[in-house]
**Q** 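Mind looking over this structure? Questions follow.
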Amino acid sequence: MSNALNQDAENGPVMAADGTPLKRSLARALRRQKGRALLLIAPLLIFVLVTFIVPIGSMLFRSVENDIVANTLPDTVQRLASWDATSGELPAEGVYEAMYYDLFVAAEAKRHTRLGSRLNYEESGISSLFRQSGRKIDDLAKDATKALESAVPAFKDGETWYALMNAGNDEANSGLLSAMRGRIGRLNDSSASGEMDFAPSALMADILPLTTRSYTEWAVYEATEEGRDPATRDPWELVPLALLQELKTADLSGLTGTHAELLTQAQAVNFDIPPYSEVLADIDPEWGTILPWETIQTHSSKYTAGYFLNAVDAQKTPEGYAWQPEDKQILLTLFGRTLFMSMVITCSCIMLGYPVAWLLANLPTAKANLLMILVLLPFWTSLLVRTSAWKVMLQQQGVINDVLVWLGLVDDANRLIMINNQFGTIVAMTHILLPFMILPMYSVMQTVPPSYLRAAKSLGATNWTAFWRVYFPQSIPGIGAGSILVFILSIGYYITPEIVGGTKGVFISNRIAYHISSSLNWGLAAALGSILLAVVLLLYWCYDRIVGIDNVKLG
């Protein structure tokens, strides 16, 4: 029997009972076991992915996302790319024309104010420029529409425009239609993929490219965003303006029939279109300066480092990177203040929490349970209530100042200022986060055998030596766990600093909350959050290198 097994092992692989190689059978069994384990945790993984990872990743992505300028002003950005902002000269007339047409469409879609808000983060005042321009951008187009409809009444009817621009049975320019779907979709953050019966005529696209493009743009918007049939509706006033502009130089010799007659009549309309640089300057004189154009050009890329530069008190300029003016340099100060105060709060919690944790671990059970209830009592009270209580106690007419005045330690005319500053924030947050330091230290201290101290004393060690050389080193993992917990919690707090910190005791998290809820500058908020996350991970890495994360225990 033994000889037969040895012969089989020498002649080939060991087989399982079902005849398959044993190695393959074991690997298949292991894969099945891992698959079952994965199925058990799959609901939790999916829940964490959908509710935690994806939202946070989406928010952090906003720190580099910057497609709003290119999506709102695509032609302007393209033509402005070749302009040298440092030359001191204004952009060419073609840039002004592209701006007029892009801004008209953006105003119709009510997206120009969003663009103005984005650029206003970089240069104050641009938001009002876009708002005002959006209100007046259609004045020239309305005049052109009136002139065309007065001379050729057929253009008052939307069906005339549709018959003129629609390919029907003729060749269609599908590329233009696809491009305009993309343009409208990017402008409105939608797919713009709804079905429509319109397809731009290839012939009209060759003879009147700007008019056909403008009409197709409107038709796509009307059909996909508004859900209306463009065949029976009048187009934007931009389309008649584009038609009158192109008919001044268009060659209509290749057209015949009704279309040729209509366009020939329209070609005879005497409507003077001033240079678009003058049109925009009349709307707002700011368009006659270099500032808005260089701002648009500087921040026109789809991805930007501008938010991260703003987060460290710098800015992106046509010449490169530069520091913000001194009166705007506040964020680096807030970062430093946040790290410093979080470290002070962590140290305060260690000094106050260590004796309490030692008592919890060494008192008799009945007394330890009573003390544990007192430690956990703050968790049963609202965070807002605890913070507000400290605001009442620390103010100049508060309980603490009243007691100090009553004891004669402080003069009534010179009461201590303990609120709306760093001191108030440190006191309130130390009280709030102290249990998070005590519990990890207590759980570790509880595992230290009392016999170790007795053994050290029996060998001649003093109480202090026995504590410092024997007990304290064994409690360090609890200190490390509590410190990491308290530091990470404190670095992201914003409710308590907002209430008791004033202007001197707020954290960078308060600025993040402000940009998310008030200024709506989510890009800068995401950049600040990304930097804060990176700092925490860096400090975590440093702690691991110095102390060792394996030494951090919770009991």
Side-chain angles (χ1 to χ4, degrees), residues 49-50 54-55 57-59 61-62 64-79 98-118 134 137-138 141 158-206 208-240 242-243 300-303 522-523:
L49 180 66
V50 173
V54 172
S58 175
M59 184 64 190
F61 178 68
R62 291 177 178 270
V64 295
E65 185 183 24
N66 188 51
D67 58 0
I68 182 174
V69 180
N71 290 344
T72 308
L73 308 173
D75 290 344
T76 305
V77 168
Q78 184 177 358
R79 296 194 185 190
M99 171 59 77
Y100 183 90
Y101 279 83
D102 283 342
L103 189 56
F104 189 103
V105 176
E108 290 291 339
K110 295 180 174 57
R111 294 285 173 166
H112 62 295
T113 53
R114 189 181 64 163
L115 172 62
S117 298
R118 163 65 187 99
I137 196 69
D138 60 350
E159 294 181 357
T160 300
W161 284 104
Y162 188 82
L164 182 66
M165 294 297 169
N166 188 35
N169 297 325
D170 299 330
E171 182 183 357
N173 191 330
S174 57
L176 176 61
L177 179 60
S178 177
M180 291 304 100
R181 281 185 183 273
R183 155 77 164 126
I184 296 300
R186 290 188 295 271
L187 178 65
N188 292 280
D189 298 326
S190 65
S191 61
S193 58
E195 293 189 7
M196 53 188 298
D197 295 331
F198 172 80
S201 167
L203 178 61
M204 284 299 162
D206 290 337
L208 304 169
L210 181 59
T211 306
T212 308
R213 179 186 183 279
S214 300
Y215 185 89
T216 305
E217 209 167 14
W218 165 80
V220 170
Y221 180 85
E222 196 74 5
T224 61
E225 302 297 326
E226 301 293 340
R228 297 189 290 237
D229 184 6
T232 59
R233 303 188 66 84
D234 294 338
W236 291 327
E237 293 90 348
L238 187 67
V239 180
L243 178 63
S300 61
S301 59
K302 290 188 176 181
Y303 302 100
W522 287 13

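In what follows, every heavy atom counts, from backbone to side chain, and hydrogens, waters and symmetry copies are set aside. As the structure is a computational prediction, the values presented were derived from the model and not from experiment.
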**Q** Could Asp189 and Arg111 be called an ion pair, given the rule that one side-chain N must be under 4.0 Å from one carboxylate O?
**A** yes
**Q** Identify whether the distance between the nearest side-chain nitrogen and carboxylate oxygen of Asp67 and Arg118 falls below 4.0 Å.
**A** no
**Q** Hey, does Trp161 have a side-chain heavy atom less than 4.5 Å from the side chain of Pro240?
**A** yes
**Q** Within the structure provided, determine whether Phe198 and Thr216 are in side-chain contact (heavy-atom separation under 4.5 Å).
**A** yes
**Q** Before we go on, tell me: are the rings of Tyr221 and Trp236 under 6.0 Å apart, centre to centre?
**A** yes
**Q** Could you measure the distance from the CE atom of Met180 to the OG atom of Ser214? Nearest 0.5 Å is fine.
**A** 8.5 Å
**Q** Find the distance between CD1 (Ile184) and CH2 (Trp218) and round it off to the nearest 0.5 Å.
**A** 12.0 Å
**Q** Looking at Leu187, is its backbone amide N or carbonyl O close enough to the side chain of Asn71 to form a donor-acceptor pair, meaning the two atoms are under 3.5 Å apart?
**A** no
**Q** Go through Thr232 and Glu159 one step at a time and tell me if the side chain to side chain donor-acceptor pair (under 3.5 Å) criterion holds.
**A** CA-CA 5 Å; Thr232 59; Glu159 294 181 357; over 6 Å; no
**Q** Within this structure, what is the CG-CZ distance for the pair Asn173 and Arg213, rounded to the nearest 0.5 Å?
**A** 12.0 Å
**Q** Below 4.5 Å, heavy atoms only, C-beta onward: do Arg181 and Thr224 meet side chain to side chain?
**A** yes
**Q** Looking only at heavy atoms, which two atoms of Asp138 and Tyr100 are closest? And how far apart?
**A** CA-OH, 4.3 Å
**Q** Any non-hydrogen side-chain atom of Asp170 less than 4.5 Å from a side-chain atom of Leu203?
**A** no
**Q** Write down the atom of Asn188, the atom of Ala109, and the distance for their closest heavy-atom approach.
**A** OD1-CB, 3.8 Å
**Q** Output yes when Asp102 and Arg79 qualify as a salt bridge under the 4.0 Å nitrogen-oxygen rule, no when they do not.
**A** no
**Q** Decide yes or no for Met165 and Pro200: does some side-chain heavy atom of the first lie under 4.5 Å from some side-chain heavy atom of the second?
**A** no
**Q** With rounding to the nearest 0.5 Å, note down the distance linking CZ in Arg183 to CD in Glu217.
**A** 5.0 Å
**Q** Roughly how far, to the nearest 0.5 Å, is the CG atom of Leu238 from the CG atom of Leu103?
**A** 10.5 Å
**Q** Checking the side chain of Ser178 only, and the main-chain atoms of Ser174 only, is there a donor and an acceptor separated by less than 3.5 Å?
**A** no
**Q** For the side chain to side chain contact (heavy atoms under 4.5 Å, CB included) test, which of Asp75, Val77, Leu73, Ile137 pairs with Met99?
**A** Leu73
**Q** Before you tell me yes or no, could you show the steps for Met204 and Thr211 under side chain to side chain contact (heavy atoms under 4.5 Å, CB included), namely the whole-Å CA-CA distance, both residues' side-chain angles and the distance that decides it to 0.1 Å?
**A** CA-CA 8 Å; Met204 284 299 162; Thr211 306; over 6 Å; no
**Q** Okay, side chain of Asn66, backbone of Tyr303: is any donor-acceptor separation there less than 3.5 Å?
**A** no
**Q** Rounded to the nearest 0.5 Å, what separation is found between the CG atom of Leu177 and the OG1 atom of Thr212?
**A** 12.5 Å
**Q** Taking atom CG of Asp197 as the centre, does the number of heavy atoms from other residues, nucleotides or ligands within less than 6.0 Å exceed 12?
**A** no
**Q** List the steps and the verdict of side chain to side chain contact (heavy atoms under 4.5 Å, CB included) for Tyr215 and Leu210.
**A** CA-CA 9 Å; Tyr215 185 89; Leu210 181 59; over 6 Å; no
**Q** Of the non-hydrogen atoms in Ala107 and Gly134, which two are nearest, and what is the gap between them?
**A** CB-O, 3.9 Å
